[in-house]
Structures are given as structure tokens and as C-alpha cells.
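Notes for the one structure printed next.
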Amino acid sequence: MSNPIQPAEASPVAAGSPSAGRRLLVTSALPYANGPIHIGHLVEYIQTDIWVRFQKLRGNRCVYVCADDTHGTAIMIRARNEGRSEEELITQMSGAHQADFAGFEIEFDHYGSTHSEENRQLCHEFWQSMRAADLISERGISQLFDPEAETFLADRFVRGTCPKCGSLNQPGDNCGVCGATYSPIDLIDPKSTLSGSTPLVREATHLFVRLERLHDFLSEWIESSGALQSETANYLKGHFLANELRDWDVSRPAPYFGFEIPDAPGHYWYVWFDAPIGYIASTQQWCQRSGERLDDWWRSADCEVHHFIGKDITYFHTLFWPGMLKTAGYSLPTKVHIHGFLNVGGEKMSKSTGTLVAAETYLKFADPSFLRYFYATKLSSKVEDLDLGLEEFTDKINSDLIGKVVNLASRVGKFASGTGLATRYPDDGGLFAAAAAAGEEIAEAYEACDFSRAMRRIMELADAANPFVEHARPWEMKKDPARVDELRDVCTVALNLFRQLAIYLAPVLPKLARQCGELLGDPIVAWNQSQRPLLGSAVQPFRRMMDRIQIEDLQKMIEESRSEEPAVAVGDASRWTDSDQPLRDEPLAAEIGIDDFAKVDLRIARVVAAEQVPEANKLLKLTLSLGGDERRQVFAGIKAAYQPEELVGRLVVMVANLAPRKMRFGLSEGMVTAAGPGGAEVFLLGVDEGGKPGQRVH
RNA sequence: GGCGGAGUAGCUCAGUUGGUUAGAGCACCGGCUUCAUAAGCCGGGUGUCACCGGUUCAAGUCCGGUCUCCGCUACCA
């Protein structure tokens, strides 16, 4: 056997070892005050919280700030619809968010709001710096205005007919059918989704940040600061830095819920201007509360700044934000940690399948520790989407946490309160020493945000610990009073090995760390507690720490999330329980008269030939017959849904008078009608028995 | 089409700078144990390392090509 570890021999390890004494300011992206927190959001807050708890456990000075993101048109509209003030809405939402976070043991040092006096002041300061640096320009742009709601309309609040392909009821910025991008002004027959009225085109002055002036600085920072993963730096170089950086529109004309720009009355800062500044404002509130100086955290070379964000908001944090910070003289981020999205069961979360689970709903069915651990096993430093599979989730929790970790304590816990811990650490075959030695490697994995690696290493330790108990057979010792010393030794080893696991897992499972601290009468407060065994103390009565989870619990959770969809009253048709999702995805278009409809000449056509277009991603080439010699060549975006063979001979409905359009693979002389969201989910319209090619649809 | 990532056991994944017979956990099979247990312990490998070629004494690992999947992006119905 190897060296038994004695307290006197254990080498004292400096708190947090080489990294001791760092100062870190850490943020998660600010959740928007327009909806509840769901398990997708939680990936980021749990990831950040684990990292922050790890840093604190290592003895570093680490401050974790966040805030609600409260400004913008969406908040204004929602408050208006609910008949209350914006302030009332965001106050209530902030409370709900903070309750959700607390439920998952996400512990901020400060949680603020972008709608704060501190933020307003800081926005003024940033703005002045940017004015002084001559970064701001001004010009008029044409924008749609809703005369009824008396507000300018962001792209997503306008729908209309696509100017390119003529599809009805498309969003204001791009066509969901043909994918064309355009300005909402180009829409044919636009409608405001707020009031249904026809928007007017109005000229409005906007203020812009001339980002191109920071091009050299940004290129340099992105390339060589080390703040970004190479894949992200690469993406930015390819998509943005290769060309001239476009001016960034940072103002919105009144009415807008936000801060009015001091030297441009009637104009408000766009929400993405004041949101990141909210990181600093929240820090400032924390400083005021704790007697700290803001400059020590945001203008000090000794303090690291770490942002955790999702991949969807990469360019706000890697282009605009560093530019703003640089201009205003604040610290640039030491690191921007970017994570991917959450899928559930291999698919995007959605309300209709019930996979978009609210934080509050999750807490009704499962232990928050489980989600924290599960995410930890899935998270790495890469920008990768992660998948939550229900079976994988329950397997991992039950075998890792229950079977390996908690069970280790449970197996000896009930004996140990009688024996207490031995005063000398017994021979354990080197288990404790090996686990102590693994500490640095695990710490490195945490530091690098490679949590999955850390969890793997920790579970290896747990795997090694359980056979020790099995072979020692403490239950037999219990029967013989003469063997009480042996029994105490076994308990001492098992509980110390358990404690090491609890320390290494403490960033992920703070509750387990507390329970371990209570059991052994010694709170877990520092990483280096893993290096020396706890000896000679009493053990408190054992209390159950976690319960197994059944997959049925999760299924119920999904079920409840699905039923949160408001049911639609359907009266006599209630035996048909069709989802309302399609209508919600694509609301009904504006009313038209019969004349409008008559413009569209729909005809029955027979597919007489169908072939693959090998180079195309989505297209099949169809030859349609309208009877006689009338043939049309049509390219249809149904490649993922249909094989050419199954189409030949079929009757379909086509738009016969659509202007021909030249495409990469040839001329398309019409359009085949189909429904569905796209991809493989495309369904051609059929024709009942008796219909003949060439007949018009009336 | 462009950029990025991935492809190793039924599943989730490790696999350092090339170096014995390719690993772990889960699942599975057999046995043991269960007056500590939420269970566990002992044993069992189930593989064309996506494919083809190359470099090398030696390739899961390096190089070239091909295929598939995912993400972003562009074009397009």
C-alpha cells in the first residue's frame, strides 16, 4: 500500500494555488423582461454560476453581476396591451426572473436593471465619449409608421406580401417562403401587426455609430487579444471584418421605452446600446452597496472581465461592445465565453411539443441540482449546441449522482454518527491521495469551462471509491462491538472520499456541498479542503440527500409545458384537436376581395416529369402539363420532402400566371402549391378524383 | 456554394507530442451480496476508429481526397 495520509504530513496548498488572488468581474447576458426564464436560458446562467462558484472556491475575488434588459418596443407594446406602465411590467418581470434564478441556486452578487439611474448616467458617459471621438453620424431613413398606434415599426411588427416571390403575409425583414431579404418598406401591401392598419412611410432621423472607424482596432483585438475562441474569431473575420463595417443604427425615434438621447431630443438609444452598459451599471450598484470603487473592476488592468453569452448575440459583444468600451476607456473583455443552444430530444425546443420548459415548471417536477449536473456533463469550451435527452438525463442522474456519489455517503453514514471520524487517516490503498492529486486537473478543466471533462474525472474518482466500501464490509463490523475501531476507519475513509467529491462538485452542486458540510460539521468553503482529510470530529445523524428521478417525472413536465398553451375554444368541432400552432406561426393575412383572388390563376396540372437538380439544396425540377401541349417547367423547393419518382403522374395545383423567374438552374415558369413549415415538412395540395389538368381553381 | 464543427461499442463520449492487444460510463449478459444501501461488488466486449489513398518501422492520431450529419452564412423556389 502507499502512504497513509496524516494531517501533519499533508502538504499545505495555498488557497487556490497558482491562480490565487485574481480579481474577476463576470456577467451573463441580460434576460429580456418580456418573458419567463426557460431551461434554454438556464444553460447560460448555470454555466456562469458554476464558473463563478469555482473561482470563489479557489480563493479568487469574483463578482457576478447581471440585470434585466428592460427597454425596447416589445416592452412598450406589451405594457400597452396589458394596460399598465412599462415600469410596472419590468418590476414584476424582474421579480419573477430573480425567483427563477434563486430556484436554481444561481447566485448573483448583484442583479440590477437597465432601467436604472446608474445606467442612464453611464449611457450619457459612453455617448459623450463616442461623440468626442467623432463616431456618431446622423441621417434620415425611411421607416414605416403606424398611424393608429402612433409608433414607428420595427421590422418584425410589419407583415406583408413579399416583393420578390409574392408570398402573402411575410415578416418585415425577410421572406419565409423565398428567403429574400428586404426592407419593410419594399413590402407589398404592408400591415402593422400592432393595429392592423396600413403603415405610412415616414422619414425619420437616426443616429449611427461609424463602426468602420474602429475597424483596425477591432481586427487587432479579435485576432490577438485571446478573448475569443478561434472559431469565433474566424467567423467574424469572414463575415464582418472582410468588408467595410456598416454603420450601426443606435437610435430610435419616439415613442420608445428607453433613455432619451441628451443631445438629440425625441430620440432614444436603441436597446442594444444601453443593454451591455447595464453590465457596468449593475456593477456600480454593487460597488455602492459594498463600498467598492467601480474603476477597480472596470478600469483596472488587474481585473479580468468575463462575459458569458449565447452564440446568437456574438456580434453585439465582439464588435459593438468592445468598440464602445475602447472608446469610453473601460476594460475590454478578457474573455467572451460563447455557448450554443439547447435542444431537447434532438430537436429545437418548441411550445407545441412542450420542450420549451419554463424554469418554474421544471422546479415542480425535478431537483434543480439535476439540471445543473446534467448541463455540466454537457458543457465544454466549444460553441456547440447541447442536447437534453430525457432518458440520458435520468440515466446520468441516477447512476452518477445517486448511485455513485450520494450512495457512497449513504452506505456508511448511518454507522458513522456512532463512531465519529478517526484521529489518524487509515490505510485506504492510496485512494485519498490519488483523488487529492486529481484536484489540479479538475480545476484546470473548470477554469477552461470544460465542465464535461471535470465531471468525467470526478466520476472516475467516485467509481474508485465504492469498491473500497464493498470490500471492507462495514456491515459485518457493525455486528461485532470489538471491531468498532475498524468500523470507524472504514467510515473515515468513505466519508472523506465522499467529501472530496462534494468539494470538487461544489461549484455544480452547492446544495450537496452544504449537506456534506452539515454531516461532517465542517462547511465546504475552499477548494484546497480536498487536499487533507477531516479527522477526529463527530458525524451528525445521516439525512437523505437526493432522490432518484423517474423518466415519467420528466414526461409529466413536458406534458404540463405543452398544456400551458392556451386552449382554443372550438365548439362543435371539438372532436378535432388540431393544434393552433400553424396559425400562430403564420397569422391570417389581411382581408382581400374576390377581385384580388381572381388575379391568381390556379390550375390543375399533371406532373409529367420530375428530376433531381443535383447542385440544388432544396429544388426539384418538374415538368407540368396543363393538358394538350401546354407544358411548364417549374422548380419547386420540395427536394427534402418528395422523391421525383413518386410525383410523376400526380395531379397538383399550380400558380399558372406567375411571372417566369430565372433561377440558377434554369427558368421557373410557375409555382406548385404546397403547405407546411418547410424542409421535409412540405405537403403538396392534391386534387380529388375527376379533376383534369388545365381546369382552373375557383 | 462558402465558413466552422463532428463521425470511435447499442447509447453518451475519452483517446496527450504517431508507439504494445483501441478505452470509460451507461445499457446488456452471468455470478455474488443485500440484519449498510438510494444499491453495490466481481466477471464478460459487443469495434471495418465513416470511406479511399498517401507518409512512416509504426496511423484512431499526420497529409490528400470522398461521403454523411449538425450549425452559421449566401443563393433560391
Side-chain angles (χ1 to χ4, degrees), chain A residues 162 164-167 175-181 229-240 242 311-312 314-315 340-341 343 346 348 374 377-378 380 382-387 389 391-416 450 452-453 455-457 459-460 462-463 465-479 487 490-491 494 542 544-549 613 615-622 634-639 655 658 661-674 678 682:
Chain A
C162 171
K164 222 157 191 184
C165 73
S167 300
C175 174
V177 177
C178 77
T181 56
Q229 294 107 309
S230 57
E231 56 201 289
T232 303
N234 205 330
Y235 158 77
L236 293 169
K237 276 187 265 178
H239 284 98
F240 297 97
K311 64 182 183 182
D312 53 327
T314 296
Y315 71 102
F341 292 154
N343 291 324
K348 279 184 186 158
F374 184 80
T377 67
K378 287 285 183 181
S380 74
K382 292 183 185 163
V383 187
E384 277 177 341
D385 290 352
L386 44 150
D387 185 48
E391 198 173 334
E392 191 190 349
F393 185 95
T394 50
D395 281 357
K396 261 194 170 127
I397 298 310
N398 290 339
S399 47
D400 292 358
L401 292 187
I402 310 293
K404 291 177 187 173
V405 177
V406 171
N407 189 39
L408 182 62
S410 172
R411 302 179 80 177
V412 296
K414 281 169 191 158
F415 310 144
D450 200 351
S452 65
R453 185 185 191 87
M455 295 308 105
R456 262 200 315 280
R457 289 293 289 122
M459 285 311 133
E460 283 172 21
D463 277 331
N466 271 300
F468 172 85
V469 178
E470 186 73 18
H471 294 135
R473 308 173 80 81
W475 52 94
E476 290 177 3
M477 299 170 182
K478 174 118 193 290
K479 293 183 228 164
L487 178 61
V490 174
C491 292
F542 185 81
R544 198 175 180 83
M545 294 176 170
M546 282 182 195
D547 286 295
R548 296 175 74 78
I549 182 163
V613 184
E615 308 84 44
N617 292 334
K618 301 176 185 173
L619 301 181
L620 290 183
K621 181 178 169 185
L622 306 180
V634 170
F635 289 92
I638 57 174
K639 182 172 187 165
V655 184
L658 190 63
R661 176 153 198 91
K662 191 160 164 278
M663 298 176 56
R664 182 141 64 101
F665 313 107
L667 193 67
S668 190
E669 307 166 309
M671 186 171 155
V672 174
T673 56
V682 171

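Please read all numbers here as calculations on a predicted model, not as lab measurements. Chain letters run A, B, ... following the sequence lines, proteins first, then strands; residues in each count from 1. Computed over heavy atoms, backbone and side chain alike; hydrogens, waters and symmetry mates excluded.
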Base, sugar-phosphate alone, or nothing: which one does Glu460(A) contact when heavy atoms must sit under 4.0 Å apart?
nothing
With the side chain of Glu384(A) defined as its heavy atoms from C-beta on, choose the nearest nucleotide among G5(B), A38(B), G71(B).
G5(B)
Using a 4.5 Å cut-off on heavy atoms from C-beta on, say whether the side chain of Lys478(A) contacts that of Lys414(A).
no
For Phe393(A), enumerate each residue passing the ring-ring contact (aromatic ring centres under 6.0 Å, His included) test, keeping only those at least two apart in sequence or located in another chain.
Phe374(A)
Please list, in numerical order, the residues of residues 399-406 of chain A that have a heavy atom closer than 4.0 Å to any atom of RNA chain B.
Ser399(A), Ile402(A), Gly403(A), Lys404(A), Val406(A)
With Glu384(A), which residues qualify under salt bridge (Lys or Arg N to Asp or Glu O under 4.0 Å), at least two apart?
none
Tabulate atom names and distances for all N/O pairs under 3.5 angstrom spanning the protein and nucleotides 11-17 of chain B.
unit_1, atom_1, unit_2, atom_2, d
U12(B), O2', Glu392(A), OE2, 3.3

Leu236(A) has an atom CG; how far is it from atom C1' of U73(B), in whole Å?
13 Å
Which part of the nucleic acid, if any, lies within contact of Pro467(A), taking any heavy atom under 4.0 Å across all strands shown: a base, the sugar-phosphate backbone alone, or nothing?
sugar-phosphate
Which nucleotide, G25(B), G40(B), U37(B), lies nearest any side-chain atom of Ser410(A)?
U37(B)
Sequence neighbours excluded, the answer for side chain to side chain donor-acceptor pair (under 3.5 Å) partners of Asn234(A) is none
Results of salt bridge (Lys or Arg N to Asp or Glu O under 4.0 Å) for Asp547(A) - residues two or more places apart only:
Arg544(A)
Within less than 4.0 Å of OP1 or OP2 of U37(B), is there a side-chain N or O belonging to Lys414(A)?
yes
Which residues pass the side chain to side chain contact (heavy atoms under 4.5 Å, CB included) test with Asp385(A), not counting sequence neighbours?
Lys311(A), Phe341(A), Asn343(A)
Tell me the interatomic distance from Asp387(A), atom CG, to C70(B), atom C1', rounded to whole angstroms.
12 Å
Residues at least two apart in sequence or cross-chain that pass side chain to side chain donor-acceptor pair (under 3.5 Å) with Gln229(A), listed by chain then number, are none
According to ring-ring contact (aromatic ring centres under 6.0 Å, His included), who are the partners of Tyr315(A), at least two apart in sequence or on a separate chain?
Phe240(A), Phe320(A)
Between C3(B), U73(B), C41(B), which nucleotide gets closest to the side-chain atoms of Asn234(A)?
C3(B)
Taking salt bridge (Lys or Arg N to Asp or Glu O under 4.0 Å) as the definition, give me every residue that meets it alongside Asp463(A), ordered by chain and number, with sequence neighbours left out.
Lys404(A)
RNA chain B: stems of at least 3 consecutive Watson-Crick or G-U pairs whose donor-acceptor distances fall under 3.5 Å:
B:1-7 with B:67-73, B:10-13 with B:23-26, B:28-32 with B:40-44, B:50-54 with B:62-66
Could you pull out all residues at least two apart from Glu476(A) that satisfy salt bridge (Lys or Arg N to Asp or Glu O under 4.0 Å)?
Arg473(A)
